[in-house]
Number of protein chains: 2
Amino acid sequence: MQKALTYETVMSYPGHPSADDVYRIISSEHSSISKATVYRNLSLLSEEGKIGRVESFGNGEVHYDHRPEKHYHGYCRKCGRVVDIELSYDNGIINNAFPMEDGFNITSHELIFEGICKECREKENDNGTERIKD
Amino acid sequence: MQKALTYETVMSYPGHPSADDVYRIISSEHSSISKATVYRNLSLLSEEGKIGRVESFGNGEVHYDHRPEKHYHGYCRKCGRVVDIELSYDNGIINNAFPMEDGFNITSHELIFEGICKECREKENDNGTERIKD
DNA sequence: TACTTTATTGATAACAATTACTAATAAGGA
DNA sequence: TCCTTATTAGTAATTGTTATCAATAAAGTA
């Protein structure tokens with residue numbers, strides 16, 4: 001069943017795969033799987049709360065997450081990678097700061113950090129001191 | 001010049017128009033304007049820091065903002081409206097909480113509140129007590 | 001077992017937001 | 001005026017995603 005495959009692929013993925021990432025991984029083993037099936041199952045799985053979904057940011061790609069609970073993410077504006085930010089998702093902090101903003105009833109929030117990820121920074125440093133390779 | 005027109009339209013818009021909103025408003029007066037021109041000028045204006053840009057959330061539409069400085073937004077999951085949340089954008093708070101997360105160098109952040117906006121809540125209440133109109 | 005109903009899938013078309021491309025026009029110097 | 005640069009309209013192309021739909025698989029039921 002393709003849904004289980006989709007689930008396994010997200011769970012064993014170290015980072016935050018896009019739908020296309022998941023598709024490419026599965027189809028390397030099961031070349032007959034359809035892209036629509038992957039999209040469909042990713043949607044289902046995240047609706048069921050089995051996997052997490054990270055809204056697109058900057059580039060227009062949704063990413064998925066083996067951690068289903070809410071937590072924060074960093075978006076690298078250089079390579080587009082999505083990384084976990086280890087801060088507990090505390091709705092209380094946010095809701096105390098803004099109990100209700102001009103009639104807007106807040107139920108949740110999304111906090112996305114933008115910056116440069118470790119890998120890209122290291123690459124930058126390498127280029128600064130001694131050029132290894134282009 | 002169409003760029004000035006685009007700018008004026010965003011500045012006089014009370015809320016947070018999408019590119020298509022801006023296009024529709026301008027083309028009602030200047031029917032010859034092209035959609036590509038509106039998209040191009042909105043991108044230019046936000047790159048120049050003359051207008052703000054609110055990353056798409058939930059639905060895949062970017063919104064623009066007559067306020068160019070960073071501030072927070074609420075996204076209504078019912079009607080898709082984007083509203084301002086009046087809290088000062090304090091990078092210090094956030095950056096003190098996470099000076100640097102596993103090598104990820106944070107330069108800015110985006111905080112989006114999700115919930116139900118005033119108008120949709122009022123509509124809901126109306127339907128709950130006495131139905132006025134469908 | 002055979003038969004019917006329900007779920008899941010693959011293939012592909014459709015879609016929406018956005019960008020790329022291009023030739024035409026406008027504007028601004030020399 | 002001639003030449004160069006900017007800006008534009010119109011349209012095609014791109015991208016991520018969803019809708020459609022017939023084919024297949026699975027599960028129940030008589």
Side-chain angles (χ1 to χ4, degrees), chain A residues 1-10 13 15-48 50-65 73 75 77 79-82 110 112, chain B residues 1-10 13 15-48 50-65 73 75 77 79-82 110 112:
Chain A
M1 195 204 242
Q2 316 298 57
K3 193 174 172 186
L5 252 175
T6 307
Y7 179 71
E8 294 306 329
T9 304
V10 174
Y13 195 95
H16 300 79
S18 66
D20 200 62
D21 290 333
V22 176
Y23 169 70
R24 280 206 312 275
I25 290 168
I26 298 181
S27 66
S28 74
E29 290 275 299
H30 302 77
S31 58
S32 73
I33 197 169
S34 165
K35 203 169 247 192
T37 302
V38 173
Y39 273 92
R40 195 183 323 111
N41 285 327
L42 286 171
S43 290
L44 289 171
L45 288 164
S46 65
E47 275 164 28
E48 293 163 9
K50 306 244 176 68
I51 62 175
R53 174 189 163 101
V54 187
E55 290 300 328
S56 87
F57 185 71
N59 72 342
E61 253 184 333
V62 170
H63 292 255
Y64 292 89
D65 196 330
H73 294 102
Y75 169 76
R77 69 159 171 279
C79 68
R81 200 192 313 257
V82 174
E110 189 109 347
I112 302 147
Chain B
M1 194 204 238
Q2 316 299 54
K3 192 175 174 187
L5 250 175
T6 307
Y7 179 71
E8 295 305 329
T9 305
V10 173
Y13 195 95
H16 301 78
S18 66
D20 200 62
D21 290 333
V22 175
Y23 169 71
R24 280 206 311 277
I25 290 168
I26 298 181
S27 66
S28 72
E29 291 273 300
H30 302 77
S31 58
S32 74
I33 198 171
S34 165
K35 203 170 248 193
T37 302
V38 173
Y39 272 92
R40 194 186 326 109
N41 285 325
L42 286 171
S43 290
L44 289 172
L45 287 164
S46 66
E47 275 165 28
E48 294 164 9
K50 306 243 174 70
I51 63 175
R53 175 189 162 99
V54 187
E55 289 300 328
S56 90
F57 185 72
N59 72 342
E61 254 185 331
V62 170
H63 291 256
Y64 291 89
D65 195 331
H73 294 102
Y75 169 76
R77 70 159 170 278
C79 67
R81 202 191 310 259
V82 174
E110 189 111 346
I112 302 147

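Just so we're on the same page: letters track the sequence lines, and every chain starts at 1. Values reported hereafter were calculated over all heavy atoms of this structure, with side chains retained and with hydrogens, waters and symmetry mates removed. Just so it is clear, the structure is predicted and the values come from calculations on it, not from any experiment.
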### Message
Please report the distance, rounded to the nearest Å, between CG in B:Asn41 and C1' in D:dT7.
### Response
8 Å

### Query
For the pair made of CD in B:Glu55 and C1' in C:dA17, what is the distance, rounded to whole Å?
13 Å

### Euclidean distance, atom CD1 of residue B:Ile33 to atom P of C:dT25 [Å, nearest integer]
18 Å

#### Entry: Gap between atoms NE2 and C1', on B:His30 and D:dG10 respectively (whole Å)
18 Å

### Message
Rounding to an integer number of Å, can you tell me how far A:Asp20 CG sits from D:dT18 C1'?
### Response
15 Å

### Integer-rounded Å distance: C:dA11 C1' and A:Gln2 CD
14 Å

### Task
Carefully, step by step, assess B:Leu42 and B:Arg53 under the rule side-chain contact (heavy atoms from CB on, under 4.5 Å).
CA-CA 9 Å; B:Leu42 286 171; B:Arg53 175 189 162 99; over 6 Å; no

### Query
Quick one: is A:Tyr39 getting a side-chain N or O under 4.0 Å of the D:dT17 phosphate, OP1 or OP2?
yes

### Message
Which residue in the set A:Val22, A:Ile25, A:Leu5, A:Thr9 passes side chain to side chain contact (heavy atoms under 4.5 Å, CB included) when paired with A:Val38?
### Response
A:Val22

### Message
Give me the atom names and distance for the closest heavy-atom approach of B:His73 to B:Asp65.
### Response
NE2-OD2, 2.9 Å

### Task
Would you kindly give the CD-to-P distance between B:Glu48 and D:dA6, to the nearest whole Å?
14 Å

### Query
In whole Å, what is the span from the CD atom of B:Glu61 to the P atom of D:dT17?
16 Å

### Query
Contact class for A:Ser18 (heavy atom, under 4.0 Å): base, sugar-phosphate, or nothing?
nothing

### Listed nucleotide nearest any side-chain atom of A:Lys35, set D:dT11, D:dT17, C:dT9
D:dT17

### Query
Of all the nucleotides listed (C:dT18, C:dT9, D:dT8), which has the minimum atom distance to the side chain of B:Met1?
D:dT8

### Message
Has B:His16 got a side-chain atom pairing as donor or acceptor with B:His63's backbone, closer than 3.5 angstrom?
### Response
no

### Message
For the CD1 atom of B:Ile51 and the OH atom of B:Tyr64, what is their distance to the nearest 0.5 Å?
### Response
6.5 Å

### Message
Please tell me if B:Ser34 has a side-chain N or O lying less than 4.0 Å from either OP1 or OP2 of D:dT8.
### Response
no

## Note on the structure
Among the nucleotides C:dG10, D:dT17, D:dT8, whichever has the atom closest to the side chain of A:Val62 is D:dT17

#### Entry: Nearest-nucleotide pick for A:Ala19, side chain only, options being D:dT17, C:dG10, D:dG10
D:dT17

